[in-house]
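Structure first, then comments.
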2 protein chains.
Amino acid sequence: MTANLLALKLQSFARLSDVDQLWLKEALGQSRQVAAHADLVDQGQDPHAVNVILDGWACRSRLLADGRRQIVALMLPGDLCDPHIFLLDRMDHTIGALTPLTVAQIPGPAFQSLVERSASLAYAFRREGLSAIAIQREWTVSLGRRSGIERLAHLFCELYWRLAAVGLTDGGSCPFPLTQNDLADVLGQTSVHINRTLQELRSMGLVALRGRRLTIHDQTGLAELAYFDPVYLHFTQKAGQ
Amino acid sequence: MTANLLALKLQSFARLSDVDQLWLKEALGQSRQVAAHADLVDQGQDPHAVNVILDGWACRSRLLADGRRQIVALMLPGDLCDPHIFLLDRMDHTIGALTPLTVAQIPGPAFQSLVERSASLAYAFRREGLSAIAIQREWTVSLGRRSGIERLAHLFCELYWRLAAVGLTDGGSCPFPLTQNDLADVLGQTSVHINRTLQELRSMGLVALRGRRLTIHDQTGLAELAYFDPVYLHFTQKAGQ
DNA sequence: CGGCTGGTTGATTGGTTTCAACAAGCGTGG
DNA sequence: CCACGCTTGTTGAAACCAATCAACCAGCCG
């Protein structure tokens with residue numbers, strides 16, 4: 001089951017045949033465990049391998065010289081930790097585990113033959129990349145033009161949709177392992193202020209966040225508050241049930 | 001000369017042979033003019049063509065329902081308006097001309113044969129894309145964690161470096177056609193505040209900005225203030241003078 | 001039990017927005 | 001040619017959102 005998360009995710013972008021899914025499964029190598037707060041990028045790794053998160057949450061983050069930290073991307077189960085990054089001579093940011101992680105790899109050659117054999121897989125992978133970039137753009141919009149409460153609401157919407165695409169939501173609620181400190185580093189604020197904003201969202205009856213689980217009580221209300229329009233995620237296909 | 005801007009830019013990413021440069025020049029089709037403030041994306045266009053800016057500045061921007069605007073990317077002479085975007089079913093943002101523009105196109109098939117014939121061109125194009133993404137990440141960092149004056153200083157540094165890569169700087173100064181309103185939409189602030197921040201940078205003796213031209217008086221001072229580290233641009237090759 | 005991490009609260013400070021007005025530059029039409 | 005309108009830049013005062021500093025509490029684990 002867990003190995004199919006990637007197929008599930010890619011099906012948001014293109015219809016995959018049974019053969020596609022079989023090939024995908026075969027291409028996935030051994031999975032490994034990464035401890036929370038550990039760095040995901042060990043130098044010794046195959047630079048052409050594609051890393052896939054099977055379980056847990058990771059992030060891409062940048063640290064300024066004086067200690068300020070900004071998380072620039074969140075990687076959820078089913079997400080790819082784009083490998084192209086390794087092509088760059090020097091890494092300009094860190095990929096770290098926010099929770100304990102299960103990560104699988106598709107070796108470089110296996111990935112190559114995958115996109116050569118299947119046009120729909122190639123298409124899906126490309127679209128996945130475009131979606132990731134679009135998410136990055138939308139974060140820029142949030143940080144630049146959305147108020148504190150709108151940002152938080154928007155992030156909740158986005159993460160809920162992304163988790164829904166891989167079947168990890170359950171009747172309006174989803175796992176949410178981020179601490180308020182993590183949220184602060186995602187949204188460019190302090191954890192103190194995240195705390196107060198969160199309370200406001202709660203008191204408005206829009207969400208609940210307890211025990212590492214997020215529950216959205218009023219989807220449309222939250223989306224309206226956040227100016228959330230899921231178009232940018234470019235999930236065109238319905239995820240298989 | 002103008003047609004070589006793209007070659008110049010790509011040489012920041014990979015060494016290009018004379019043949020590469022010749023092929024590149026041949027691949028470039030007719031250039032067209034776009035008026036300032038016009039939309040760059042006309043529906044009737046070849047969705048597989050690669051657009052290259054030969055002259056002028058353009059931007060990618062998102063408009064929120066209530067009128068707030070955020071510029072999520074700036075495209076300078078020599079830059080590609082990534083074509084993959086057109087693969088997406090619905091455009092989630094606008095590409096607009098900030099100044100009058102000269103744009104050339106590489107038709108889809110020509111681009112395809114280009115990257116097939118030359119490994120260095122393929123490499124350069126891929127690196128260019130990675131650089132664009134890294135810039136997007138750095139903007140996220142700026143908006144999230146840099147103060148107003150740091151943001152402005154950082155943007156100045158980035159644009160100066162990017163213009164230098166295509167030979168458009170001249171002894172510490174470069175063209176700078178953005179209005180304070182544009183700057184506000186880039187940096188997520190109001191033009192009023194941009195104005196005051198700008199005055200502070202001026203009074204610190206770091207920059208001058210007059211007549212659509214930016215002059216940086218103290219490069220290292222500006223970079224230190226901004227926590228600017230050009231690594232993220234990934235210009236590994238020196239641009240051929 | 002103590003120490004740690006993560007969450008909560010209050011008071012104060014400060015960076016930015018907002019609103020409003022005005023000056024300077026520029027193109028256009030009367 | 002000047003007047004007019006429009007865009008761009010500039011300034012001031014007030015209001016506001018979010019950061020800062022500083023406690024303190026709850027839960028968890030060794």
Side-chain angles (χ1 to χ4, degrees), chain A residues 35-38 57 64 66-71 96-100 142-155 175-203 207-214 225, chain B residues 35-38 57 64 66-71 96-100 142-155 175-204 207-214 225-226:
Chain A
H37 309 117
W57 291 27
L64 293 190
D66 68 347
R68 281 175 285 181
R69 174 172 179 252
Q70 176 68 38
I71 293 179
L98 292 169
T99 69
S142 271
L143 291 174
R145 289 301 184 207
R146 277 187 256 256
S147 70
I149 196 167
E150 289 166 357
R151 274 184 227 183
L152 191 52
H154 194 277
L155 184 69
F176 202 92
L178 298 187
T179 68
Q180 295 187 0
N181 238 306
D182 296 330
L183 278 172
D185 285 341
V186 167
L187 300 178
Q189 296 178 311
T190 58
S191 60
V192 172
H193 196 249
I194 292 291
N195 183 290
R196 299 197 232 257
T197 307
L198 202 43
Q199 288 176 46
E200 202 175 340
L201 280 180
R202 275 196 271 248
S203 73
V207 305
L209 179 53
R210 281 189 322 273
R212 312 281 102 141
R213 210 165 168 83
L214 169 71
L225 168 62
Chain B
H37 308 117
W57 290 28
L64 293 190
D66 67 346
R68 281 175 286 180
R69 174 171 178 252
Q70 177 68 39
I71 293 178
L98 292 169
T99 70
S142 272
L143 290 173
R145 288 302 183 206
R146 276 187 256 257
S147 70
I149 197 167
E150 289 167 358
R151 274 184 226 183
L152 191 52
H154 194 276
L155 184 69
F176 202 91
L178 298 187
T179 68
Q180 295 187 359
N181 237 306
D182 295 332
L183 278 172
D185 284 341
V186 168
L187 300 178
Q189 294 178 310
T190 58
S191 60
V192 172
H193 196 248
I194 292 291
N195 184 291
R196 299 196 234 257
T197 308
L198 201 43
Q199 290 175 45
E200 202 176 341
L201 280 181
R202 275 196 271 249
S203 72
M204 292 168 82
V207 305
L209 180 53
R210 281 189 320 275
R212 312 280 101 141
R213 214 169 162 81
L214 170 72
L225 168 62

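Chain A is the first sequence line, chain B the second, and so forth, proteins listed ahead of strands; every chain is numbered from 1.
- Here OG1 of A:Thr190 is found 12.0 Å from CG of A:Leu183. Values are rounded to the nearest 0.5 Å.
- One can place CD of B:Glu200 at 13 Å from P of D:dT11, the figure rounded to the nearest angstrom.
- Atoms CD and OG1, on A:Gln180 and A:Thr197 in that order, are 9.5 Å from each other to the nearest 0.5 Å.
- Remark: the A:Arg212 side chain and the C:dG6 base include no donor-acceptor N/O pair separated by less than 3.5 Å.
- Residues from residues 185-193 of chain A with heavy atoms under 4.0 angstrom of DNA chain D, sorted by number: A:Gly188, A:Gln189, A:Thr190, A:Val192, A:His193.
- Distance B:Arg146 CZ to D:dA18 C1': 20 Å, rounded to the nearest Å.
- Using a 4.0 Å heavy-atom cutoff across all strands shown, A:Arg202 reaches sugar-phosphate atoms only and no base atom.
- Of the candidates D:dA13, C:dT8, D:dT10, D:dT10 carries the atom nearest the B:Asn195 side chain, counting heavy atoms from C-beta on.
- Residues A:Ala35 and A:Ala97 approach most closely at O-CB, 3.4 Å, considering heavy atoms.
- A donor-acceptor distance shorter than 3.5 angstrom exists from the side chain of A:Arg202 to the backbone of A:Leu209, with no hydrogens or angles considered.
- B:Arg213 places its CZ atom 17 Å from the P atom of D:dG9, with the value rounded to the nearest Å.
- Within the nucleic acid shown, B:Arg210 has no heavy atom closer than 4.0 Å to any nucleic acid atom.
- Put simply, A:Gln199 has no side-chain N or O that comes within less than 4.0 Å of OP1 or OP2 on C:dG7.
- Summarising the geometry, the separation between CD on A:Gln180 and C1' on D:dG27 is reported as 14 Å, rounded to the nearest angstrom.
- Distance CD1 (B:Ile194) to P (C:dG15): 16 Å, rounded to an integer number of Å.
- Proximity of a side-chain donor or acceptor of A:Arg68 to a complementary backbone N or O of B:Arg145 within less than 3.5 Å is detected.
- Summarising the geometry, atom CG belonging to B:Leu198 is positioned 10.5 Å from atom CD belonging to B:Glu200; distances are rounded to the nearest 0.5 Å.
- In this structure, B:Ile149 atom CD1 and C:dT16 atom C1' are separated by 14 Å, rounded to whole Å.
- Between the C1' atom of C:dG15 and the CZ atom of B:Arg145 lies a distance of 15 Å, rounded to the nearest Å.
- To the nearest angstrom, C1' of C:dG6 lies 13 Å from CG of A:Leu178.
- Looking at heavy atoms from C-beta onward, B:Asp182 lies in side-chain contact with B:Arg69 at the 4.5 angstrom threshold.
- Nucleotides of DNA chain D nearest to B:Thr179 and A:Thr197 differ in position, and the one nearer the 5' end is that of B:Thr179.
- Within the 4.5 Å cutoff, side-chain heavy atoms of A:Arg146 are placed close to those of B:Leu64.
- Within the 4.5 Å cutoff, the side chain of A:Leu143 has heavy atoms near those of the A:Gln70 side chain.
- Of the possible polar contacts, one joining the B:Thr99 side chain to the B:Trp57 backbone as a donor-acceptor pair under 3.5 Å is found.
- At a cut-off of 3.5 angstrom, the base of C:dG10 holds at least one donor-acceptor pair with the side chain of A:Arg196.
- A donor-acceptor contact under 3.5 Å is not formed by the side chain of B:Arg151 with the base of C:dT16.
- If one axis is set at each end of the helix from C:dC1-D:dG30 to C:dG30-D:dC1 from five pairs, those axes are 30° apart, to 10°.
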